[in-house]
Amino acid sequence: MPELPEVEVTRLSFADRIQGALVLGVRLGKPLRWPLSCKDSRLIGQRVLGVRRRGKYLLIDLSEGLLLIHLGMSGALRFEADLGEPKLHDHFDLVTSHGTLRLHDPRRFGAVVFSESEQGQMAQKLLSNLGVEPLEGSFEIDVFHKALRSKKASIKQILLSGQLVVGVGNIYASEALFLSGIRPTTRGAALSKPRVAKLHASIVQVLTRALEVGGSSLRDFSNAKGESGYFQLETFVYDREKEPCRVCLTPIKMMRQGQRSTFYCPQCQKR
DNA sequence: CCATATACCTGGCAGC
DNA sequence: TGCTGCCAGGTATATG
């Protein structure tokens, strides 16, 4: 589910409500991708200072450290005063004076990790190799173009890797490449500056639009208030194999790149 | 260093 | 109806 828009929508749906809360307890369900890496009791009594996002990670700042939360493929957070008893696939609760933050994650590719600081070992391992934030000024056409010049991988895989720019996953990579008229198999180094500029604009456009409509809820994504997103209703190519292109009516094609599905219009994205 | 494959885990769905 | 195989929003790690 969760690419940048879904993670950011999640953040916006509970950051204000949890800010200032006192941590009262922790409940762990089945193991997630990594262990919490501290004793549960370590978190108790800490104050929630705020919630930030870096790429697809949520950073819950605490008075003496931070929690890194990743939603993996199937994770969703809820934050409410009373969530009742945990159900199947509810694998983490952070009980606070303002309510309980609960991670529901059937596939358990998600993670909740404590780190003493952002410079801590685990935090560094997870965050230090991330590219720039696409919706901030640090995402610059010129830098993006220069970095692409040395990449011989396909542009789709470069986007998915998060090396240059973070937050673009399988849905939004396909969508951004459609909007910029670029074939997903095109090598990064083969893209001219004007085409990179178009791609840059398309990434910003598609992520911004997805944010506006609450992200994509393909199966079960919802924000921390339990509300769904609607971007899946307006995709041009993602999950539309054999359906007519919304621009030229040519049937959308699906292909495999690095074990992931890629969708594109063979007419609108010729090279 | 690079590109590609694998592993993690569960549920839903198409096809038989 | 029930079984099998494949697919799914991600990414660290292993392999060549």
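Here is how names work: the chains are called A, B, and so on, in the same order as the sequence lines, proteins then strands, and each is numbered from 1.
- The phosphate of B/dC9 has neither OP1 nor OP2 within less than 4.0 Å of any side-chain N or O from A/Lys30.
- Comparing B/dT4, B/dG11, B/dC9 against the side chain of A/Pro106 picks out B/dG11 as the nearest.
- Considering CG of A/Asp93 and NE2 of A/His104, their distance stands at 12.5 Å, rounded to 0.5 Å.
- Side chains of A/Thr185 and A/Tyr264: no donor on one and acceptor on the other come within 3.5 Å.
- Distance, A/Asn129 CG to C/dG10 P: 18 Å, rounded to whole Å.
- Note on A/His89: a side-chain N or O is less than 4.0 Å away from OP1 or OP2 of B/dG11.
- Separating the CE atom of A/Met73 from the P atom of B/dG12 is a distance of 15 Å, rounded to the nearest angstrom.
- Rounded to a whole Å, the CG atom of A/Leu126 is 13 Å from the C1' atom of C/dT13.
- Of the nucleotides present, none pairs with B/dC9 by Watson-Crick or G-U wobble criteria with both distances under 3.5 Å.
- Rounded to a whole Å, the NZ atom of A/Lys56 is 10 Å from the P atom of C/dA12.
- Within the nucleic acid shown, A/Ser174 has no heavy atom closer than 4.0 Å to any nucleic acid atom.
- Between the C1' atom of B/dC8 and the CG atom of A/Asp105 lies a distance of 11 Å, rounded to the nearest Å.
- Note on A/Tyr57: a side-chain N or O is less than 4.0 Å away from OP1 or OP2 of C/dA12.
- Across the protein-nucleic acid pair, A/Gln257 atom CD and C/dG10 atom P stand 14 Å apart, rounded to whole Å.
- A/Phe109 does not qualify as a stacking partner of the C/dT11 base, lacking a centre-to-centre distance under 5.5 Å together with planes within 30°.
- If you measure from atom CD of A/Glu6 to atom P of C/dA8, you get 16 Å, rounded to the nearest angstrom.
- Distances shorter than 4.0 Å separate none of the side-chain N or O atoms of A/His70 from OP1 or OP2 on C/dG10.
- Checking C/dA12, C/dC7, B/dA3 against every side-chain atom of A/Arg256, the shortest atom distance belongs to C/dC7.
- Using P as the reference atom, C/dA14 and B/dC9 are 16 Å apart when rounded to the nearest Å.
- Nearest to the side-chain atoms of A/Lys125 among the listed nucleotides C/dA8, C/dT13, B/dG11 stands C/dT13.
- A/Ile158 approaches A/Lys151 most closely through the heavy-atom pair CD1-CB, 3.5 Å.
- Salt-bridge annotation for A/Arg52 and A/Glu118: present, with a side-chain N of the basic residue lying under 4.0 Å from a carboxylate O of the acidic one.
- Side-chain proximity of A/Gln259 to B/dG11, B/dT4, B/dA5: nearest is B/dA5.
- The side chain of A/Arg107 sits closest to B/dT10 out of B/dA5, B/dT10, C/dC7.
- The side chain of A/Arg33 places no N or O atom within less than 4.0 Å of a non-bridging phosphate oxygen (OP1 or OP2) of C/dT11.
- Closest to the side chain of A/Tyr238, out of C/dA8, B/dA5, C/dG10, is C/dA8.
- When heavy atoms are screened at a 4.0 angstrom cut-off, A/Gly169 is found touching the sugar-phosphate backbone but no base atom.
- In the model, A/Glu227 has no side-chain atom that pairs as donor or acceptor with a side-chain atom of A/Ser13 under 3.5 Å.
- Counting to the nearest Å, the P atom of C/dT11 and the CD atom of A/Gln157 are 14 Å from each other.
- Here the straight-line distance linking atom CZ of A/Arg27 with atom CG of A/Asp40 works out to 11.0 Å at 0.5 Å rounding.
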